[in-house]
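Below: the structure, in structure tokens.
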Amino acid sequence: MTFMPTKQRDKVSSYKNLRSLYEQNITVNSISETMDTCHLTDDAQRIKNMMDMKDYDVMGVEDHGVVIGYVIRNELNVGICEEYYRSFSPTELVSESTPLIDTLFFLKEKERVFILEGNRVTKVVTLADLQKPPIRMLLFGLITLLEMHLYRIINDFFPDNTWKKHLSGHRIQLAEELFSLRKSRNEAIQLCDCLQICDKRDIVLNENPLRELLGIKSKSKGKTYFKQLEGLRNNLAHAQNLTTQNSWDELFLVLEQTENLLGACEKV
């Protein structure tokens, strides 16, 4: 078994490069929302009604011009806001310069984070904000990068299209039809370029040495992961809700698994 030389392998952009792009250029402010505020002495029921009308889950609480905490809509009832407000926990506060990709992982543990501009809390990010275009761009970039690495590895691991042994005749036919179509357009491609993600999945999972090399513990776990990954990719491609079929916990798990798989791919 031989592997692609490092110089050639590096033509595929690395996850490190993609992460660097998001760390250096796109911050939490790209998905944050300005946080309206109320006062400690405001009537809690009135503020709750206001939050219902504006569809706010949380609202900042001010005391003498300083935002000292927040209230959660579902917790408000009879009385004043002082009876219901929560002080900010240090783990809920992030700087406005925090990279977007880091914010994504903060929200794995929390439902919301608050943004500090200077010494004042001015904005909030919730799980719902993960539906916004910057996050979708990041997730789609990760999936695309993974597909590129799988193509590279399969092409190297199976010379002369020997990967065909892991696919059905129907899947091979579909790849060959797409190959013919693209060749007719004078595209410089190989048959391997015409494999879909489901084909790459079957090839990787059915070739035990390759599966183990990529750190996929078993076929069943690999199938579960790729099924969730395909669901996420389809939701991204069709601008659907990211958790139409998966909970946030499952999405974060897929993201974590994708990071690990990308890391393994980049070592091959």
task: Measure from the side-chain N and O atoms of D156 to the backbone N and O of I153, and report whether any donor-acceptor pair falls under 3.5 Å.
output: no
task: Answer with yes or no whether the hydrophobic clustering places W248 together with V124; edges join I, L, V, M, F, W, Y residues whose side-chain heavy atoms lie under 4.5 Å apart.
output: no
message: Less than 3.5 Å apart, any donor N or O on the side chain of N241 or Q131 sitting next to an acceptor on the other?
response: yes
- prompt: Are L146 and L251 connected in a single hydrophobic cluster, I mean Ile/Leu/Val/Met/Phe/Trp/Tyr linked by side-chain heavy atoms less than 4.5 Å apart?
  reply: yes
statement: Closest non-hydrogen atoms of M51 and L76, given as atom of the first, atom of the second and distance, are SD-CD1, 3.9 Å
- prompt: At their closest point, which heavy atom of C194 faces which heavy atom of A175, and how far apart are they?
  reply: CB-O, 3.5 Å
message: Please evaluate residues L40 and I68 with respect to the criterion side-chain contact (heavy atoms from CB on, under 4.5 Å), reporting the C-alpha separation (whole Å), side-chain torsions for both, the decisive distance (0.1 Å), and the verdict.
response: CA-CA 10 Å; L40 286 174; I68 60 171; 4.0 Å; yes
- request: For residues W163 and L167, report the shortest heavy-atom separation together with the two atoms involved.
  value: CZ3-CD1, 3.6 Å
- prompt: ring-ring contact (aromatic ring centres under 6.0 Å, His included) with F114: which residues, sequence neighbours excluded?
  reply: Y70, F88
- prompt: V94 versus I115: any side-chain heavy-atom pair under 4.5 Å?
  reply: yes
- prompt: From S247 OG over to L127 CG, what is the distance, rounded to the nearest 0.5 angstrom?
  reply: 10.5 Å
task: Check the pair L116, R120 against side-chain contact (heavy atoms from CB on, under 4.5 Å), reporting the backbone distance first and the verdict last.
output: CA-CA 5 Å; L116 276 169; R120 181 178 174 85; 5.9 Å; no
query: Are F106 and V125 connected in a single hydrophobic cluster, I mean Ile/Leu/Val/Met/Phe/Trp/Tyr linked by side-chain heavy atoms less than 4.5 Å apart?
result: yes
message: Could you check whether any side-chain N or O of N206 sits under 3.5 Å from a backbone N or O of D202, counting only pairs where one atom can act as donor and the other as acceptor?
response: yes
task: Kindly indicate whether the side chain of L138, heavy atoms from C-beta on, has any atom under 4.5 Å from the side chain of I26.
output: no
- request: Answer yes or no: is there a side-chain heavy-atom contact under 4.5 Å between F252 and L130?
  value: yes
- prompt: Is there a donor-acceptor pair closer than 3.5 Å between any side-chain N or O of D42 and the backbone N or O of H39?
  reply: yes
query: Could you state the interatomic distance from CG (L142) to CE (M137), rounded to the nearest 0.5 Å?
result: 12.0 Å
field: Validation row: P99, V28 side chains within 4.5 angstrom (heavy atoms)
entry: no
statement: Between the SG atom in C192 and the CD1 atom in I203, the distance rounded to the nearest 0.5 Å is 6.5 Å
- prompt: Applying salt bridge (charged side-chain N to carboxylate O under 4.0 Å, His left out), which residue pairs with at least one partner in residues 77-96 are found, sequence neighbours left out?
  reply: E75-R86
message: Quick check: do L236 and I143 have side-chain heavy atoms less than 4.5 Å from each other?
response: yes
query: About how many Å separate CZ of R185 and OG of S180, when rounded to the nearest 0.5 Å?
result: 11.5 Å
message: Is it the case that the side chains of Y151 and Q190 hold a donor-acceptor pair, with the cut-off being a distance below 3.5 Å and no angle test?
response: yes
- prompt: Going only through I, L, V, M, F, W and Y residues with side-chain contacts under 4.5 Å, is there a path from V121 to Y85?
  reply: no
query: Can you tell me how far the CG atom of N29 sits from the NZ atom of K123, to the nearest 0.5 Å?
result: 4.0 Å
- prompt: Is there a donor-acceptor contact under 3.5 Å from the side chain of T258 to the main chain of V254?
  reply: yes
- request: Identify the heavy atoms of D193 and R182 that sit nearest to each other, and give their distance.
  value: O-NH1, 3.5 Å
task: Carefully, step by step, assess L93 and V113 under the rule side-chain contact (heavy atoms from CB on, under 4.5 Å).
output: CA-CA 6 Å; L93 300 174; V113 291; over 6 Å; no
task: Could you tell me whether the side chain of R201 and the main chain of K227 form a donor-acceptor pair under 3.5 Å?
output: no
message: Is the shortest side-chain heavy-atom distance between E177 and Q173 below 4.5 Å?
response: yes
message: Given 3.5 Å as the limit, does a donor-acceptor pair link the side chain of D102 with the main chain of T98, or not?
response: no
message: What I want to check is whether the side chains of N208 and K219 have a donor and an acceptor closer together than 3.5 Å.
response: no
query: Is any NZ, NE, NH1 or NH2 atom of the basic residue among R171 and E176 found under 4.0 Å from an Asp or Glu carboxylate oxygen of the other?
result: no
- prompt: For atom NZ of K110, is the number of surrounding heavy atoms from other residues, nucleotides or ligands below 6.0 Å larger than 12?
  reply: yes
- prompt: With no hydrogens and no angle check, is any side-chain donor or acceptor of D199 less than 3.5 Å from a backbone partner on Q196?
  reply: yes
Donor-acceptor under 3.5 Å (R211 side chain, I216 main chain): yes
field: Test log, rule side-chain contact (heavy atoms from CB on, under 4.5 Å), inputs Y84 and V61
entry: CA-CA 10 Å; Y84 300 98; V61 177; over 6 Å; no
query: With distance as the sole test, does D43 use its side chain to make a donor-acceptor pair with the main-chain N or O of R46 at under 3.5 Å?
result: yes
message: Using the side chain to side chain donor-acceptor pair (under 3.5 Å) criterion, which residues pair with K108? Sequence neighbours excluded.
response: E256
- request: Decide, yes or no, whether a salt bridge links D55 with R73 under the criterion of side-chain N to carboxylate O below 4.0 Å.
  value: yes
Nearest atoms (heavy-atom pairs only) where L213 meets A264: O-CB, 4.5 Å
task: To the nearest 0.5 angstrom, please state how far the CE atom of M50 sits from the SG atom of C38.
output: 8.0 Å
task: Among L210, T162, V268, find the residue that satisfies the side chain to side chain contact (heavy atoms under 4.5 Å, CB included) test when tested with F157.
output: L210
task: Decide yes or no for I197 and L229: does some side-chain heavy atom of the first lie under 4.5 Å from some side-chain heavy atom of the second?
output: yes
message: Is there a path of hydrophobic side-chain contacts, each under 4.5 Å between heavy atoms, that joins L191 and F158?
response: yes
task: Answer whether the closest heavy-atom distance between the side chains of T144 and R233 falls below 4.5 Å.
output: no
- prompt: Taking all atoms of both residues into account, what is the closest heavy-atom pair of M59 and D36, and its distance?
  reply: CG-O, 3.1 Å
